Amino acid sequence: MKMTFEVYPHTADVGVRGYGATLEEAFQEVAKAMFSIMVDISSVKPLVRRDVLVDADDLDLLLIKWLNSLLAISAIRFEVYSVFSVKIEGTRLEGQALGQSMEGLELKDEIKAATFADLIVKEEGGKWVAQCIVDVRLPTRRWIRNLNSFRDERMSELQCQVELVPLFLVLRGYLSAYG
Amino acid sequence: MRPRVNHRMSDKLRKVENSVWEVPVGAVEGMRVPARFYSSEKLIAELDPRAIEQTVNVATLPGIKKYSIAMPDAHWGYGFPIGGVGAFDPEEGGVITVGGIGYDVNCGVRLISTSLTEADLKPKLKQVVDNLFEGVPAGLGSRGLRLTRAQLEEVMVEGARWVIRQGYGWEKDLDHIEEAGRMEGADPSNVSDTAKQRGANEVGSLGSGNHYLEVQVVDEVYDEVAAKAFGLGRGQVVIMIHTGSRAVGHQVGMDYIEEMQPAMKRYGIVVRDKELVSVPFNSPEGKRYFSAMKAAMNVAWANREVITHFARHAFARTFEVSPESLKMDLVYDVGHNTGKLEDHEVDGRLRQLIVHRKGSTRAFGPGRPEIPPEYRGVGQPVLIGGSMGTFSYVLKGTEKGMRDTFGSAVHGAGRRMSRTQATKEYRGEAVAKRLLERGIMVRGHTWSGLAEEAPDAYKDVSDVVQVVHDAGIAALVVRLRPLGTIKG
């Protein structure tokens, strides 16, 4: 199968890269790459739609703003996304993300920020590439447990349970992200 | 433009004095000051060429004074290397840069003393570690106090003072926090709604990554006088907390790194790395970022204060006495990802500089008015957190540090291998087991978190601290050995 996005290794962190026949496609694909660090995106159902509108002076900054907006919405709403559509006019981006609540999903790594490191948006031989390094936190399943803490004051009990998460789940997450 | 890695960077280094190497002005186009590296023969050989390049990049920024400085634990970061110091004079067009402070604003360390000895603790160690694990929210997305938006904005203005008023922590703690736990001039209206939404539940939570809470024992005393002044003695049990401003800091970093890109063009500033995006400190954008970043700094101090409260109660529960009777006083709290206006003497003249410390601890020498009176005679306590299973250290600030590094020292031990590499090569369970064999009890929220922080993934903190001591930019006071760790 033709590869349309990938997560690649980097000294201190990991990079995300999307390919496409158009700039828009590359932006859609790099968003998939980013969420594939957080979750197995094939398990994410397109149940909710979130709109993103960003404007920037150049395409590099537009990519960072697109990815960081998705990260912020994801963190605030406790959702992850797997389907993206993007329209770019000049340096204005109108995007949609389809996804679902994190609840019930097996989570992998959380991301602090999309960064300017190794940032590339370019066309080469009729193919667009969009990529950058993301500042990654540690893998966890705790986050999902903590969803409950909104409703449940007994946080310390929840924390104890999390310890029991089997090692292989976490390792599997890593293997699929970096393997 | 994509920053190029220059592997020949190491060739430009030359040793200028004991423990100090330099890339001189002129070695790379655009350098305004030399790039200085505190190191040893062993560590300089291991130094990542990219960290050298990043230190050189900082040397090209407008208004930089004296040197762009890299600490012995320097490693690749976003913009500045982690372990980088840069001071800029606003009167000479000096800049403020998000890349000099980072995405984890006011990440820092605090140390709490106790009246317990290692012998007192040993039989109760498991219980105390369990109580800490239960009492201190940690791990990814961990939640602390639930604050309304208005309350969070108050925290942004008042810092540790606000949470103490709510009953978390002791009034006297404030005397032993850098800046008394509150940066003047923080302005929540310059912090985005997104940052406030993300931060509303995080005050009083350890977070994840390399953040931790550790029970330690004073294992070696190098300087009796300073140790006594800091209230530390051999065999004494202490608690170290390492965390920051959580998502508020991340989002402030993200927001302003984006906002500054177009502004930087208007000011005609050219940087060698986009993560170094800079604007003049005395510009509207610079002032906005400074006030928002200070709001995030205040959140971090509030956060460490609330965690202190939880830790005191976990100890009290274990020993069935009050935290007061265990003398759980705050020794000191100091940030290592900060931007601050400070007075420093440069070229025989006192100037107010905006000092960026990214993965570098403030280390003020004796006599500085910023230091609490009881420590002023010896110098500021410099808290250096090790990585898991390694020693941590308390040093003191020196006059030489004031002259050479704007009163700055190391913050820990730099990474030697990449995160992905570390996770592949170490199994968390094995790490925990190995540590237990050495008498160190670890509880983490994920095993892979443990793997990431495997101590071998770091440069040896003892080597790093020795360089600082030998160079005289801070001086050894005590060494701390871990007994129990709660890993975020």
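None of the values given here were measured: they were computed from a predicted structure. Any value given below was found using the heavy atoms of this structure, including those in side chains, with hydrogens, waters and symmetry copies removed.
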Locate the shortest heavy-atom distance separating [X] from [Y]; write the atom from each residue and the value.
X	Y	value
Tyr103(B)	Ala113(A)	CE2-CB, 3.9 Å
Ala75(A)	Arg198(B)	CB-NE, 3.6 Å
Ala117(A)	Glu275(B)	N-OE2, 3.9 Å

* Looking at Asp118(A) and Lys274(B), does any basic side-chain N land under 4.0 Å from a carboxylate oxygen? -> no

* Should we count NZ of Lys265(B) as having more than 12 external heavy atoms under 6.0 Å? ->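 Above 12, so yes.
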
* Asked: Is the number of heavy atoms from other residues, nucleotides or ligands within 6.0 Å of CZ (Arg92(A)) greater than 12?
  ->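 Result for CZ/Arg92(A): open.
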
* Asked: Would Asn68(A) and Glu258(B) count as a side chain to side chain donor-acceptor pair (under 3.5 Å) if you check the C-alpha gap in whole Å, the side-chain angles of each, and the deciding distance to 0.1 Å?
  -> CA-CA 10 Å; Asn68(A) 278 342; Glu258(B) 288 172 10; 3.2 Å; yes

* Asked: Going by heavy atoms in the side chains, are Pro262(B) and Leu61(A) under 4.5 Å from each other?
  -> yes

* Taking C-beta and beyond as the side chain, do Met254(B) and Leu71(A) meet within less than 4.5 Å on heavy atoms? ->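 They are in contact (side-chain heavy atoms under 4.5 Å apart), so the answer is yes.
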
* To do: Under 4.5 Å heavy-atom distance to chain B, tell me which part of Ala56(A) shows up: side chain, backbone, both or neither.
  => neither

Roughly how far, to the nearest 0.5 Å, is [atom2] of [Y] from [atom1] of [X]?
X	Y	atom1	atom2	answer
Asp273(B)	Phe116(A)	CG	CZ	10.0 Å
Lys65(A)	Asp255(B)	NZ	CG	9.5 Å
Thr115(A)	Tyr78(B)	OG1	OH	4.5 Å

* Has the side chain of Gln197(B) got a donor or acceptor atom that lies under 3.5 Å from a matching backbone atom of Ile76(A)? -> no

